[in-house]
Amino acid sequence: MRRTHHCYILGAEDTGKEVTLMGWVQRRRDHGGVIFIDLRDREGITQVVFNPERNPEVHAKAHGLRGEFVIGVRGTVELRPEGMSNPNLKTGGIEVMVSELKILNKAETPPFMIEDRVDVSENLRLKYRHLDLRRPNIQKNIILRHKASAAVREFLNREGFLDLETPFLTRSTPEGARDYLVPSRVNPGNFYALPQSPQLFKQLFMISGFDKYYQIARCFRDEDLRADRQPEFTQIDMEMSFVGEEDIMGISEKMMQYLFKSVLDTDIAPPFQRLTYDEAIDRYGLDKPDIRFGLELKDLSDIVENSDFKVFSSVVKKGGIVKAINAKGCIDFSRKELDDLTDFVAIYRARGMAWIKVKEDGWQSPIAKFFSDGEKQAMAERLNMEAGDLILFGADTPKVVNESLGNLRNHLGKRLGLIDESAFAFTWVTHFPMFDYDETEKRYQALHHPFTSPLEEDFERLESEPLAVRSRAYDLVLNGFELGGGSIRVHRTDLQRKIFKSLGMEAEEYEEKFGFLLSALDSGAPPHGGIAFGLDRLVMLLCRESSIRDVIPFPKTQKAACLLTNAPSEVSKAQLIELALKLRKIKTED
RNA sequence: GGGGGUGUAGUUCAGUUUGGUUAGAACGCCGGCCUGUCACGCCGGAGGUCGCGAGUUCGAGUCUCGUCGCUCCCGCCA
């Protein structure tokens with residue numbers, strides 16, 4: 001018996017054909033006489049019929065069929081009797097009258113039904129992921145993922161990019177995320193690190209003259225998980241020589257356009273909006289703004305700096321800021337709702353949240369009495385206040401105000417239904433700061449990575465004023481998610497050394513760790529730059545899912561475990577000895 | 001490391017507020033009947049370590065303490 005067709009492709013035009021289908025028993029409807037089986041494969045469902053009058057032997061055998069049995073059926077495509085077609089099914093007009101049934105394998109009753117509408121805990125889904133992956137919804141996601149990476153490859157191949165591989169076993173680097181380490185058996189006591197990204201290797205490809213590189217590359221970062229973050233994830237990684245920001249952004253936009261067209265048949269229209277980092281923070285509070293709705297933040301620091309409301313004025317005098325959101329028409333928020341919003345901003349360390357309800361005859365607010373008429377007037381104008389509005393304030397350090405109000409803005413956008421869920425709103429964020437200051441380690445850190453080129457006009461401030469240096473880094477943001485980011489790289493040794501120095505590295509240290517890069521840059525490195533996109537996040541947004549676990553075939557749980565295989569696991573003593581490793585007992589508190 | 005949510009039949013849940021008879025429902029599963037269903041229908045049945053452990057009590061799914069899993073978030077993620 002050999003399969004001739006997939007389920008879900010047969011139609012009225014196939015009437016009379018003898019076909020052989022193979023698949024899983026989705027559902028059995030046994031009428032005592034006639035038996036109907038919904039046969040499922042990856043393409044869909046076809047109804048197959050066992051009729052005792054037509055073929056009593058096969059009909060008897062079909063009594064034993066159960067859910068998820070794997071069967072093959074040979075039979076004739078027939079139009080369904082008058083009035084019996086099923087308009088909910090593409091193949092609902094026909095059925096296959098079975099003349100031969102082969103049970104290819106039996107199956108235990110699965111722990112959950114293989115259907116989209118069955119609500120089942122993620123725990124169980126992940127333990128039986130092979131069954132979960134049979135469900136049409138998730139199968140659709142995984143197939144869409146394939147289409148997305150296929151489209152990326154088609155596009156980049158056509159544009160002259162070369163798909164080049166880079167090592168998984170590589171060197172641990174001091175900066176960035178925590179590395180996954182792999183012990184070396186042949187070099188006892190030494191470790192490889194799994195790559196956080198192929199960053200340095202793709203730069204070396206440019207130095208070698210390959211000109212345009214891409215790779216759909218697995219990356220590893222040993223950090224805590226989120227709904228949109230796994231410890232191993234996939235990047236669409238690109239690098240180009242002799243380019244500037246416009247070239248990279250341009251090719252990225254064209255790639256997204258091609259991808260959305262071929263995967264979703266959706267037209268998106270480059271060029272995408274561009275925001276500088278400063279503008280994004282100013283208007284949205286976050287460096288990954290969701291631009292599908294308004295509710296923008298307004299800075300009021302200059303207005304309240306000298307007001308009688310000491311909470312505001314003292315914050316501004318200490319270098320902090322005061323910003324506000326106008327929640328249009330939300331005057332009816334109850335005391336409890338306002339308390340909930342205050343609890344929400346407290347997550348981001350905001351210590352309180354002042355508010356004003358704008359009424360026809362004035363402000364209702366615990367803080368209204370502190371402001372002069374002039375200050376009120378200025379605030380009303382800047383926030384475009386109208387009767388019925390609710391104004392929400394943040395006053396603290398810039399970081400706390402922007403993060404809390406930025407997240408509050410997203411929260412309100414969802415809650416108030418301001419978001420067009422069908423929209424794909426892209427924006428670039430450019431001109432990121434080169435460094436930020438790590439309070440715990442008391443030193444500067446590269447915001448993107450240390451191989452990012454500063455803006456040329458800021459070179460001179462590298463030593464004198466590192467926090468004022470802007471970089472040639474850019475992020476692509478989609479619907480409030482960071483889809484990807486990249487930069488124009490440093491291609492001159494002297495500049496690269498200066499940056500290592502700004503990061504607090506001694507010459508000895510960077511020569512030891514990055515000497516190979518410095519020597520490569522000295523060998524005739526072309527100007528180059530690139531970008532990397534998170535494929536998991538991108539596919540999640542394409543599928544309109546809210547977790548990347550729904551677009552990764554075998555995802556990890558929040559504790560970084562695989563429930564299917566029970567990884568990670570202990571290893572044998574012999575393995576440890578071979579690797580020259582000794583485990584230390586971790587003390588548990590009594 | 002911290003905060004929130006959650007855990008009861010194979011599955012999804014109710015029951016926990018106020019401790020009290022034999023822990024219920026739906027779907028699924030098993031058996032019977034049924035020749036046009038398509039989430040088939042009807043009848044019957046099986047199925048429980050109430051996450052785990054300790055404590056309080058005459059008595060704990062319910063109260064207390066501890067612990068574990070899963071999840072969302074903060075920190076972290078160059």
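Values in this document were obtained by computation on a predicted structure and should not be read as measured data. Chain letters run A, B, ... following the sequence lines, proteins first and then strands; every chain starts at 1.
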Looking for any heavy atom pair under 4.0 Å, which part of the strands does [X] touch: base, sugar-phosphate only, or nothing?
{"X": "Ser121(A)", "result": "sugar-phosphate"}
{"X": "Asp30(A)", "result": "base"}
{"X": "Ser85(A)", "result": "base"}
{"X": "Asp119(A)", "result": "sugar-phosphate"}
{"X": "Pro450(A)", "result": "base"}
{"X": "Glu95(A)", "result": "base"}
{"X": "Glu53(A)", "result": "base"}
{"X": "Ile35(A)", "result": "nothing"}
{"X": "Arg27(A)", "result": "sugar-phosphate"}
{"X": "Leu447(A)", "result": "sugar-phosphate"}

key: d(CD1, Ile37(A); P, C40(B)) in whole Å   =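 That distance rounds to 11 Å.
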Distance test, side-chain N/O of [X] to OP1/OP2 of [N], below 4.0 Å:
{"X": "Arg537(A)", "N": "C77(B)", "value": "no"}
{"X": "Arg29(A)", "N": "C40(B)", "value": "yes"}
{"X": "Arg80(A)", "N": "G36(B)", "value": "no"}

ask   = Looking at residues at least two apart in the chain, or sitting in another chain, which of them share a salt bridge (charged side-chain N to carboxylate O under 4.0 Å, His left out) with Glu43(A)?
value =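 Residues passing salt bridge (charged side-chain N to carboxylate O under 4.0 Å, His left out) with Glu43(A): none at all.
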Does [X] reach the side chain of [Y], with side-chain heavy atoms less than 4.5 Å apart?
{"X": "Tyr180(A)", "Y": "Val182(A)", "value": "no"}
{"X": "Val400(A)", "Y": "Val345(A)", "value": "no"}
{"X": "Arg27(A)", "Y": "Met113(A)", "value": "yes"}
{"X": "Gln496(A)", "Y": "Leu521(A)", "value": "yes"}

Under 6.0 Å between the ring centres of [X] and [Y]?
{"X": "Phe36(A)", "Y": "His31(A)", "result": "yes"}
{"X": "Phe220(A)", "Y": "Phe168(A)", "result": "yes"}
{"X": "Phe514(A)", "Y": "Phe451(A)", "result": "yes"}
{"X": "Tyr277(A)", "Y": "His431(A)", "result": "no"}

Candidates C77(B), G31(B), U37(B) - which lies nearest the side chain of Arg221(A) =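 Among the listed nucleotides, the one closest to the side chain of Arg221(A) is C77(B).
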Report all interatomic pairs (protein N or O, nucleotide N or O of nucleotides 67-73 of chain B) with separations under 3.5 Å.
{"residue": "C70(B)", "atom": "OP1", "partner": "Thr557(A)", "partner atom": "OG1", "Å": "3.4"}
{"residue": "U71(B)", "atom": "OP1", "partner": "Gln558(A)", "partner atom": "N", "Å": "3.2"}
{"residue": "U71(B)", "atom": "OP2", "partner": "Gln558(A)", "partner atom": "N", "Å": "2.7"}
{"residue": "U71(B)", "atom": "O3'", "partner": "Arg549(A)", "partner atom": "NH2", "Å": "3.1"}
{"residue": "C72(B)", "atom": "OP1", "partner": "Arg549(A)", "partner atom": "NH1", "Å": "3.3"}
{"residue": "C72(B)", "atom": "OP1", "partner": "Arg549(A)", "partner atom": "NH2", "Å": "2.4"}
{"residue": "C73(B)", "atom": "OP2", "partner": "Ala227(A)", "partner atom": "N", "Å": "3.3"}

task = Answer yes or no for this row: Phe36(A) ring on U37(B) base, centroids under 5.5 Å, planes under 30°.
result =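 Phe36(A) ring centre within cut-off of U37(B) base, planes near parallel; stacks.
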key: Presence of salt bridge, Glu57(A) and Lys61(A), under 4.0 angstrom   =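 Not counted as a salt bridge, because no side-chain N and carboxylate O are separated by less than 4.0 Å.
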Is there any protein nitrogen or oxygen under 3.5 Å from a nitrogen or oxygen in nucleotides 3-7 of chain B, and what are the pairs?
none

